[in-house]
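All remarks here apply to the structure that follows.
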Amino acid sequence: MNQETFQLFLWVMSAVALIVFIALYFVKAGYGMFRTASWGISINNKWAWVLMEAPVFVVMFLLWGRSGTGFSLPEYLFFLLFQLHYLQRAFIFPFLLKGKGRMPLAIMAMGIVFNVLNGVMQAGGLFYFAPAGLYADGWGYLLKPHAVTGIFLFFLGMGINLHSDRVIRHLRKPGDTRHYLPGGGLYRYVTSANYLGELVEWTGFAVLTASPAAWVFVWWTFANLVPRADAIHRHYRDEFGDEAVGKRKRIIPFIY
């Protein structure tokens, strides 16, 4: 792949994300609370998450290793932050899940395809096709205002995401099968605080790296999570009523 092909790749990924964004307002992705038999064969939720998320961790590792970037800064820090997220998402988060939930193979397969493509996209943007001289300052790059801001946003978003996942996991006591409306942490302001955290996290990564590929990933994150947050918000209003949901927004506090 050369620079021109990579740029075309980014444009195609951006266009597909737009299609996904529109489609998800009409079709609810069939995992979690929206899984139905119509999505076909399903497997254990824990292993589905591992199989779906692990490929991007492996792809990023392999492409970093082949790039010759090594431990050069700031690229090595970018690599570590990206891998930190997916280490948690692929190898820790799934085994914290409670219950006997399942995920359709179709959803898992789509997730694998995206994650492989995203691994290629992020590694390409950081290690192979970054604008000449962008990261030439080494340590000095990390002292620039946008880099400091990006690191702060990345860890803020990760903290929101991890805390929000914890709130969801502790809604039920062992043996309880009832549904609850989450209300701890940022769930006081939005009904999908975990998605808010992920969006903030990857926005921080894009600000930090100044990589067009990272911004395409932000767009993908937005296109995937915002329509789902809308579906979850509607589901909660139907199940618990408008009064219980109150003035909480979907994913962006006080806005949407």
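When reading the values below, keep in mind they use all heavy atoms of this one structure, side chains included, and skip hydrogens, waters and symmetry mates.
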By ring-ring contact (aromatic ring centres under 6.0 Å, His included), Phe152 pairs with (sequence neighbours left out) none
Walk me through whether Tyr141 and His146 qualify under ring pair (Phe, Tyr, Trp, His ring centres under 6.0 Å). CA-CA 9 Å; Tyr141 179 92; His146 80 274; 5.1 Å; yes
Within the side chain of Asn115, is there an N or O that forms a donor-acceptor pair under 3.5 Å with the backbone of Met52? yes
Ring centroids only, cut at 6.0 angstrom: are Phe95 and Trp47 within range, meaning strictly under it? yes
Return yes when atom OH of Tyr189 has more than 12 non-hydrogen atoms of other residues, nucleotides or ligands closer than 6.0 Å, and no otherwise. no
Which label fits Phe114 and Phe217: parallel for a plane angle under 30°, tilted from 30 to 60°, or perpendicular past 60°? tilted
Decide salt bridge (Lys or Arg N to Asp or Glu O under 4.0 Å) for Arg234 and Asp238; before the verdict, give the C-alpha distance in whole Å, the side-chain angles of both, and the deciding distance to 0.1 Å. CA-CA 6 Å; Arg234 293 173 182 274; Asp238 289 341; over 6 Å; no
Asn161 CG to Gln88 CD distance, which is reported to the nearest 0.5 Å: 7.0 Å
In terms of the angle between their ring planes, are Phe79 and Tyr76 parallel, tilted or perpendicular, with boundaries placed at 30° and 60°? parallel
Quick check against the 3.5 Å criterion: does Tyr195 have a side-chain atom that pairs as donor or acceptor with the backbone of Asn224? no
Have Arg228 and Tyr31 got a donor and an acceptor in their side chains that come within less than 3.5 Å? yes
Would you find a donor on one side and an acceptor on the other, under 3.5 Å apart, between the side chain of Tyr128 and the backbone of Leu63? yes
